[in-house]
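Step one of this worksheet: look at the structure below.
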Amino acid sequence: MADTCLSFENLTLGYNSHPAVHHLNGSVRKGSLMAVVGANGSGKSTLLKGIVGVLKPMSGRISITPGTRIAYLPQQSEIDRSFPARVVDLVALGLWPKRGLLGRISAEDRRRLSEALMAVGLGGFEGRPIDTLSGGQMQRALFARVLLQDADLILLDEPFNAIDAKTVRDLLEVVRRWHGEGRTVMVVAHDLEMVRENFPDSLLLARRAVAWGPTSTALHPQQLLAARRFDEAWHEDAPWCGDEHEHKHEHKHPHAHDHAQHSHNHA
Amino acid sequence: MYDLIFAPFIEFGFMQRALAGSLLLSISACPVGVFLMLRRMSLTGDAVAHGILPGAAVGYLLFGLDLVPMTIGGLIAGLVVALGAGAVSRLTLQKEDASLAAFYLISLALGVLVVSLRGSSVDLMHVLFGTVLALDNAALTLIGSIAIITLVGLTIFWRGLVAECLDPLFLRSVSRLGTPVHFVFLALTVLNLVAGFQALGTLLSVGLMMLPAAAARFWVNRVETMCLLAVLFGAVSCVIGLLVSYHAALPSGPSIILAAGAIYLTSVLVGTRGLVRTRLATRRHRTA
């Protein structure tokens, strides 16, 4: 499909043979602004890791439209705050997709960098050492880095945690700007009010996709109730899920009835 | 003054060689030390240095006290230890400190075993502690080549190294270079330790790598300046160490490392980010 950014085909992601995302099907429309919602342990971060490619699928497939540039802001970044770097050094990492290991940073790049800092409200912070930034300032800097990455598909994992209201407003403004520019944005979020106000589409996860579609229907109280019944724990004695052969004949699949949105397609 | 500082280097060829070799080592090893420190791998150098021993010992066992086979042996052993430990930590859940400890202990035990098969304890002392005053042309060429390889490698991979230190997960999300960069860096570490072992011995060569870097951390807050300052500290240590060794008839390796140690301790105390300045920091502060 021409306007699909990425699609999941019977996707299972997980750790140690336990699924964290179970038999996910569906596709994300190009240019959509989508919230990924669900309880802790429901597979939201795992899904993003799978899309970026830092976690390989246990089965099934993630298809990303060729040529899609991805930017990923993880929930727990591995940034070494004690590293002797300035804000500008951290944000300049966002030039990597364009400049790589050896490409020269041009005057144009520098101009874009300071524009990105201005856009997130960090104008004048260029020379600040990163170990002096507050949590909110750090998050703004990381958004500036995503801005600089100029990606088609932007994945943000709980970007608004422990961030004050004003910073959230500013950062949401940046997200809306990306949406306006036709970029595809997926944001893991917990604040349902915020999701309802700002995100046209939602995916409600509880290991499987409980609901996926326009936010008003996907986050309908009934769906939320269904998601809440999900059992977060792994069971060592859980039966093995059917093998690949069975997936092709979904009527035989023991979990098939769970997949409310099994063949849900956004387009 | 002349007699004290310049005469030894002007009058004696072996002092000139020692100075050239140790300065080349400083230029090459100190920036590597800065990155080791920033990646919290300061003890990695030490572990790898221990790991080099069996390779050097096998070279010695087969060919006697000859630089080339001992260097090649040390290089192979060091690479096996560093890359093996790196591979275990990248491919399994074990962290690098544990895998490195395992690899270097195996290697060290092998090394002591090999040395004991033939060598006397004097030979072991030579491998362990080296002597910068006996650098011949072959050794100088080796150190020079390794210095060039290191500087070229650091220049090419600089951005990747910084990214891999600063935000490894980000680098993984935009590029596949993270793991190669890590292994290139480990290889450079091994190369520099091997370059140092003829001059300073396997155990002390890591001193010229780490002490100036650790000292520089107390003065500056940029990677670039930290590398330059570390090189400067390293070079000064070499000059002071060689002079002390010459005038007081002390072994050269430990003298150089102790000079670097003195710079380190001074930096801990009086560096701009050191103990005294941060404790006595003015209570005056700005309004914003």
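Letters A, B, ... mirror the listed sequences (proteins, then strands); counts begin at 1.
For B:Ile156, the parts lying near chain A are the backbone and the side chain together; criterion is any non-hydrogen pair under 4.5 Å. Contacts between A:Arg81 and chain B at a heavy-atom distance below 4.5 Å are absent for every atom of the residue. Only the side chain of A:Ile130 comes within contact range of chain B, with heavy atoms under 4.5 Å apart.
Residue with the most contacts toward chain A among B:Arg172, B:Met226, B:Arg217: B:Arg217 (heavy-atom pairs, distance under 4.5 Å). Options A:Ile105, A:Ile70, A:Asp89 differ in how many heavy-atom pairs under 4.5 Å they form with chain B, and the most are formed by A:Ile105. Of the listed residues (B:Val181, B:Val174, B:Val220), the greatest number of heavy-atom pairs within a distance under 4.5 Å of chain A belongs to B:Val174. When each of B:Val162, B:Leu177, B:Leu166 is scored by its heavy-atom pairs under 4.5 Å with chain A, the top score falls to B:Leu166.
Chain B is approached within less than 4.5 Å, heavy atom to heavy atom, by A:Leu93, A:Gly94, A:Trp96, A:Pro97 from residues 91-98 of chain A, ordered by number.
Of all non-hydrogen atoms in A:Gly100 and B:Arg159, the two that sit nearest each other are O-NH1, 2.8 Å. Nearest heavy-atom pair across B:Gly160 and A:Leu101 is N-CD1, 3.4 Å. The two residues B:Arg40 and A:Ser82 have their closest heavy-atom pair at NH2-OG, 2.7 Å. Of all non-hydrogen atoms in A:Asp80 and B:Cys165, the two that sit nearest each other are CB-O, 3.7 Å.
A salt bridge links A:Arg145 and B:Asp167; the closest N-O separation between the charged side-chain nitrogens and carboxylate oxygens is under 4.0 Å.
Taking the ring pair (Phe, Tyr, Trp, His ring centres under 6.0 Å) definition, one finds that A:His190 meets it with nothing, sequence neighbours left out. Every residue meeting the side chain to side chain contact (heavy atoms under 4.5 Å, CB included) condition with B:Ala187, not counting sequence neighbours, appears here in chain and number order: B:Leu79. Taking the ring pair (Phe, Tyr, Trp, His ring centres under 6.0 Å) definition, one finds that A:Phe199 meets it with nothing, sequence neighbours left out.
The 12-atom threshold is exceeded at CZ of A:Arg69, counting heavy atoms of other residues, nucleotides or ligands nearer than 6.0 Å. Around atom CZ of B:Arg176, no more than 12 heavy atoms belonging to other residues, nucleotides or ligands sit under 6.0 Å away.
If you take OG on B:Ser173 and CG on A:Leu73, they are separated by 9.5 Å, rounding to the nearest 0.5 Å.
Here the side chains of A:Phe83 and B:Val223 are in contact, with some heavy-atom distance below 4.5 Å. Side-chain contact between A:Glu78 and B:Phe170: absent, with no pair of heavy atoms (C-beta onward) separated by less than 4.5 Å. B:Leu38 places a side-chain heavy atom less than 4.5 Å from the side chain of A:Pro84.
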